[in-house]
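Everything below concerns the one structure shown next.
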Protein chains: 2
Amino acid sequence: MDEIIERIEKELRESGKKSSRTRRKVIEVFFSCGGHLSVEDLYREVKQRYPDIGYVTVYRTLKVLEELGYATSLDVGDGSTRFETALRQHHDHLICTVCGRIYEFFEPEIEVLQNLVARKNDFRILDHTLHIFGICKECQK
Amino acid sequence: MDEIIERIEKELRESGKKSSRTRRKVIEVFFSCGGHLSVEDLYREVKQRYPDIGYVTVYRTLKVLEELGYATSLDVGDGSTRFETALRQHHDHLICTVCGRIYEFFEPEIEVLQNLVARKNDFRILDHTLHIFGICKECQK
DNA sequence: CTTCCTGCAAAGGATTTGCAACGGC
DNA sequence: GCCGTTGCAAATCCTTTGCAGGAAG
């Protein structure tokens, strides 16, 4: 946990930015929460532990993390952007339209097929998102 | 073309809505354009042929079409929602991050694998979106 | 002491809503 | 005539920006 933050702070400095106390706190909360948080969600968590930190700072910190590659934004179609930590292996999402929960999966075969499709179309892949919307196990009961 | 509009108008009436001249015009333009239009795009097209139609009506008409299943919204990550006609077979998208062009593809194997993933997770699929971002053939030159 | 960061308020863009007039059935 | 639709303006939601003060290097 601390190593991650230190690595990020090091990269921040290397890219001409600064590592402030405030920013460190936001990053710390973000990584300790872990889920698929909206800015709103993260702000709420941050506020609880550090009441003096403002909304805009959370936004800007997430943006910086995304630039450095430590956060990934995803659009689940509910109007607000979600962010997740980008330290783990690539994965895709099962999104429950009833409760909003987000589950992750990784299917190597699908990845392979995507590359195939790209090659067939002379398309150079930079990124991809696969979102499966539906009803999760819990909500089917 | 006309059959489609008539089918939609019939469904509109059946679902307690109405089929007005204005709405018909918007629907007509939407289907004649065909691409992956933003509300802005469609509004511009509509305005050109029927200057009296308002922005909000385009929004609302697209929403109605989506409800009835004749339009699908997709988020390509550029801030505004795109809409496409939903009469064709399901397909996924290659989105060029340089020129913004959107290409379509369909890979049955991927569909099968998605169903497999869902089954493994006891997840009932309602829908899915697979967006591959990258650089298209044209823009690689 | 220069540059970046912070927090507030204010601006911005996309989308939705309230409301009075209008149009379909 | 009743109820959905239209168009305008205003409101709303999420996100970004301007700016003055504060902190980092």
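The structure displayed is predicted, hence computed values, not measured ones. Protein chains get the first letters and strands the later ones, always in sequence-line order, with residue 1 at the start of each.
- Protein atom CG of A:Asp41 is 16 Å distant from nucleotide atom P of D:dC13, rounded to whole Å.
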Item to complete: Start with the C-alpha gap between A:His93 and A:Glu104, add the side-chain angles, then the distance that decides, and say whether side-chain contact (heavy atoms from CB on, under 4.5 Å) holds.
Response: CA-CA 5 Å; A:His93 297 100; A:Glu104 301 174 355; 4.0 Å; yes
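- Rounded to whole angstrom, the span from the CG atom of A:Leu37 across to the C1' atom of D:dC14 amounts to 16 Å.
- A close approach under 4.0 Å does occur between a side-chain nitrogen or oxygen of B:Thr57 and OP1 or OP2 of D:dG7.
- Of the inter-residue distances, the one linking A:Glu84 atom CD with A:Cys33 atom SG reads 14.0 Å to the nearest 0.5 angstrom.
- Within the model, atoms CZ of B:Phe133 and CG of A:Asp127 stand 7.0 Å from one another, a figure rounded to the nearest 0.5 Å.
- Taking 4.5 Å as the limit, some side-chain heavy atom of A:Leu68 sits within range of a side-chain heavy atom of A:Leu12.
- Place B:Tyr55 and A:Gly79 on DNA chain D by their nearest nucleotides, and B:Tyr55 ends up nearer the 5' end.
- Relative to the side chain of A:Thr81, the nucleotides D:dT15, D:dG7, D:dG18 differ in distance, and D:dT15 lies closest.
- Atom-to-atom, CG of A:Asp52 to P of D:dA23 comes out at 12 Å; the value is rounded to the nearest Å.
- Salt bridge annotation for A:Lys10-A:Glu14: present, with a cationic side-chain nitrogen under 4.0 angstrom from a carboxylate oxygen.
- Annotation: proximity of residues 3-25 of chain B to DNA chain D (heavy atom, distance under 4.0 Å) is found for B:Gly16, B:Lys17, B:Lys18, B:Ser20, B:Thr22, B:Arg23, numbered in ascending order.
- Clustering ILVMFWY residues whenever any of their side-chain heavy atoms sit less than 4.5 angstrom apart, transitively, puts A:Tyr55 in the very cluster that holds A:Phe83.
- One atom, CZ of B:Arg60, and another, P of D:dA9, lie 14 Å apart when rounded to the nearest Å.
- In the 5' to 3' direction, nucleotides of DNA chain C lying under 4.0 Å from heavy atoms of chain A begin and end at C:dT3 to C:dA9.
- The separation between B:Leu62 atom CG and D:dT6 atom P is 12 Å, rounded to whole Å.
- Protein atom NZ of B:Lys63 is 14 Å distant from nucleotide atom P of D:dT6, rounded to whole Å.
- Between the CG atom of A:Leu65 and the CD atom of A:Glu67 there is a distance of 9.5 Å, given to the nearest 0.5 Å.
- Connection of A:Leu113 to B:Tyr103 is established within a shared hydrophobic cluster, with ILVMFWY side chains joined at heavy-atom distances below 4.5 Å, either directly or through further cluster members.
- For the atom pair B:Leu74 CG and B:Ser38 OG, the distance stands at 11.0 Å (nearest 0.5 Å).
- One can place OH of B:Tyr59 at 15 Å from C1' of D:dA10, the figure rounded to the nearest angstrom.
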